[in-house]
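Just so we're clear, the structure is a prediction, and the values are computed from it rather than from any experiment. Below, chain A is the first sequence line, B the second, and so on; all start at residue 1.
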Amino acid sequence: MWMPSMSELLLAQRRFAKGVIGGTAQAADLHMLDGDPARNRELLAVYRGNAVANASKALSLTYPVIEKIVGEEFFSGLCRAYWTESPSRSGDLNEYGEDFSAFLAAFPHARDMPYLADVAQVEWCVHHALHAADHVAVTLAQLGAEPAESIGQLRFGLQPVLALMQSQWPVATIWQQHRADYAHEINIDLNHAECIAVHRLGLRVEVAVLSDAELALWHQAQSGQPLATMLDTAFAIDESFDVQAALLRAFTREFVISLHA
Amino acid sequence: MSTFASLPDGIGIGLRAPHYAQLLESLPSLGFIEVHSENFFHAGGAAMRVLARAGEHYPLSLHGVGLSLASADELAQAHLAKLAALVDRVEPVLVSEHLCWGAIDGVHFNDLLPFPYTREALSLLCSRVEQVQERLGRRILIENLSSYVRFRESEMSECDFLAELVRQSGCGVLLDVNNLYVNAQNFGFDAHDEMTRLLTAIPAGSVGEIHLAGHSQGELCLIDTHGSRVCEAVWALYRHAITLCGPVPTLIEWDTDLPTLEVLLDEAQSARRAMRQARHVDALHV
């Protein structure tokens with residue numbers, strides 16, 4: 001039977017990890033390695049460099065907008081600091097970086113960019129949505145075919161990855177204007193809030209701007225409320241709420257994947 | 001336990017995002033396509049669709065980098081479950097992992113790390129490989145590692161360790177010729193001799209795949225960067241390998257500074273040529 005508590009392997013791996021994580025390998029730790037201890041210390045630094053580079057590459061793939069906003073050099077510093085505080089906990093690097101947003105919110109050297117945390121949250125939702133299960137959307141025609149007398153009791157099943165957010169910053173605009181394929185000059189008025197939805201459109205992921213009333217509408221749907229309650233909530237926020245236009249936008253964006261009487 | 005799925009002898013390349021469209025449009029003649037398993041652990045999305053399409057045209061090989069088989073931590077069952085689901089989904093002809101660890105006390109370095117080659121580690125590895133083979137319902141290939149340090153406690157060489165693992169667990173070998181070359185240079189042993197030792201110590205047919213890649217010269221040692229063409233010394237070692245173990249599916253592995261698809265196909269052509277020459281030499285000896 002394998003018993004880690006008695007293991008020399010465990011000891012060797014802990015010593016190796018100490019040398020890689022903090023560069024804090026002591027003489028006793030380095031003694032486990034063949035050859036010159038000073039050279040081995042430097043070789044452990046090569047492994048440290050690999051680990052940081054692998055984590056940074058994963059963060060760069062998941063957070064390209066953050067990287068574009070702060071620049072490559074600052075981003076690589078961010079990655080090192082984040083890795084030191086929150087190293088990877090999975091053999092799958094696609095899972096790395098979930099709390100990057102919280103880290104950015106608390107990072108002292110990014111205080112003059114207070115919107116970064118919210119942008120990072122959008123990017124995490126985008127990353128998650130990119131790899132989620134494919135769906136088949138319900139069409140507006142299918143909704144129209146429901147019996148009119150009971151339509152108020154209808155509940156909407158939504159894309160599981162649909163993420164609704166309210167930010168004090170224009171996060172959707174920031175995200176859209178920092179995409180690799182954005183060809184225009186960046187022009188962002190930071191002084192306005194945005195309600196947004198991160199959603200799949202076929203195989204693509206989109207970040208859409210919603211009105212306050214639309215956000216409330218789909219929040220209600222997400223919590224399982226029927227259409228009548230969804231609409232009551234939207235009208236309470238905006239008495240001139242345009243139901244038809246809002247539903248058309250949402251169905252075009254493939255928010256709804258099932259209808260439940 | 002099923003035996004190796006049969007893979008047509010041939011040369012493969014990795015499936016990389018910048019090449020997706022061109023590869024699927026031009027469908028060059030290749031023996032197989034290889035991907036890192038972890039990049040396809042998702043439920044869906046565009047990349048998954050590409051893999052499915054590639055699978056309609058080529059045999060697929062799943063190459064894992066994150067199972068951390070040699071870690072003193074418990075085997076990550078969630079990771080293994082995702083691998084099993086992917087194997088069920090894409091029905092690969094080959095499934096491989098590394099002779100390494102990557103995590104301890106829950107912290108992952110997402111790197112392929114060396115460990116002391118002891119009898120203790122061997123018994124752990126055997127039980128791990130058996131668990132994985134049991135879970136996947138098939139034999140897997142284990143790849144020899146490139147490393148920059150060696151442990152004093154090692155009781156045998158990496159190749160002897162791998163040969164013993166093959167004999168005890170019934171796994172196959174993914175022979176990374178470049179890794180063996182890098183280690184030989186870094187630690188000062190003869191790569192040809194070590195390869196001969198390994199290939200004569202394991203049952204015939206144990207080598208299920210070969211990896212070829214480029215490396216670079218670091219300040220302290222050779223670094224296994226997978227970011228350049230295969231060097232002449234590695235080609236020579238490759239010819240030695242296929243002379244000893246016959247034609248084996250061979251991957252041109254290229255992970256950093258990704259070149260155009262044409263460069264990869266050109267390297268694949270060189271490998272094809274080397275394999276033909278080795279067959280020819282083999283025929284002369286008969």
Chain B heavy atoms under 4.5 Å from Leu33(A): which part of the residue, side chain, backbone, both or neither? both
If I measure from the heavy atoms of chain A, does Leu67(B) come under 4.5 Å with its side chain, its backbone, both, or neither? neither
Does either side chain, that of Glu209(B) or that of His211(B), offer a donor lying less than 3.5 Å from an acceptor on the other one? yes
Under a 4.0 Å threshold between the charged nitrogen and the carboxylate oxygen, would Glu164(B) count as salt-bridged to Arg167(B)? yes
Parallel, tilted or perpendicular, as decided by the 30° and 60° cut-offs, for the rings of His199(A) and Phe255(A): perpendicular
Pick from Ala51(A), Ala133(A), Ala53(A): which one has the most heavy-atom pairs with chain B under 4.5 Å? Ala133(A)
Measuring heavy-atom distances to chain A, does Ala46(B) have an atom under 4.5 Å in its side chain, in its backbone, in both, or in neither? both
Side chain, backbone, both or neither: which part of Ser147(B) has a non-hydrogen atom closer than 4.5 Å to chain A? both
Choice from Gly66(B), Pro114(B), Ser37(B), Gly45(B) maximising heavy atom contacts with chain A below 4.5 Å: Gly45(B)
Do you know which of Trp101(B), Phe41(B), Phe109(B) has the most heavy-atom pairs under 4.5 Å to chain A? Trp101(B)
Report the relative orientation of the aromatic rings in His36(B) and His63(B); use parallel for angles under 30°, tilted for 30 to 60°, perpendicular for over 60°. tilted
Okay, Ile104(B) and chain A: the region with an atom under 4.5 Å from a heavy atom over there is side chain
Under 4.5 Å from any heavy atom of chain B - which part of Arg200(A): side chain
Go through Ser90(A), Ala58(A), Ala12(A) and name the one with the most non-hydrogen pairs under 4.5 angstrom from chain B. Ser90(A)
Tell me, side chain or backbone of His31(A) under 4.5 Å from chain B's heavy atoms, or both, or neither? both
Salt-bridge test for Glu130(B) and Arg128(B): reply yes if a basic N is under 4.0 Å from a carboxylate O, no otherwise. no
Mind ranking Val65(B), Thr118(B), Leu113(B) by heavy-atom pairs under 4.5 Å with chain A and telling me who comes out on top? Leu113(B)
Just give me the residue among Leu130(A), Leu203(A), Val205(A) that pairs up with chain B most often, heavy atom to heavy atom, under 4.5 Å. Leu203(A)
Applying a strict 4.5 Å limit to non-hydrogen atoms, the region of Asp92(A) in contact with chain B is both
What residue in Ala43(B), Gly64(B), Gly102(B) has the most heavy-atom pairs under 4.5 Å with chain A? Ala43(B)
When only pairs under 4.5 Å are counted, which of Ala47(B), Ser154(B), Ala70(B) shares the most heavy-atom pairs with chain A? Ala70(B)
Sole candidate of Val198(A), Val122(A), Leu61(A), Thr62(A) that passes side chain to side chain contact (heavy atoms under 4.5 Å, CB included) when paired with His127(A): Thr62(A)
I'd like to know if the side chain of Asn183(B) pairs up with that of Ser146(B) as donor and acceptor (distance under 3.5 Å, no hydrogens or angles considered). no
Just say parallel, tilted or perpendicular for the rings of Tyr47(A) and Tyr148(B), cut-offs at 30° and 60°. tilted
Using 30° and 60° as the class boundaries, would you call the ring planes of Tyr96(A) and Tyr82(A) parallel, tilted or perpendicular? tilted
Residue Asn54(A) versus chain B: region with a heavy atom under 4.5 Å: side chain
Pair Arg49(B) + Asp134(A): basic N to acidic O under 4.0 Å: yes
Are Ser157(B) and Glu194(B) linked by a side-chain donor-acceptor pair shorter than 3.5 Å? yes
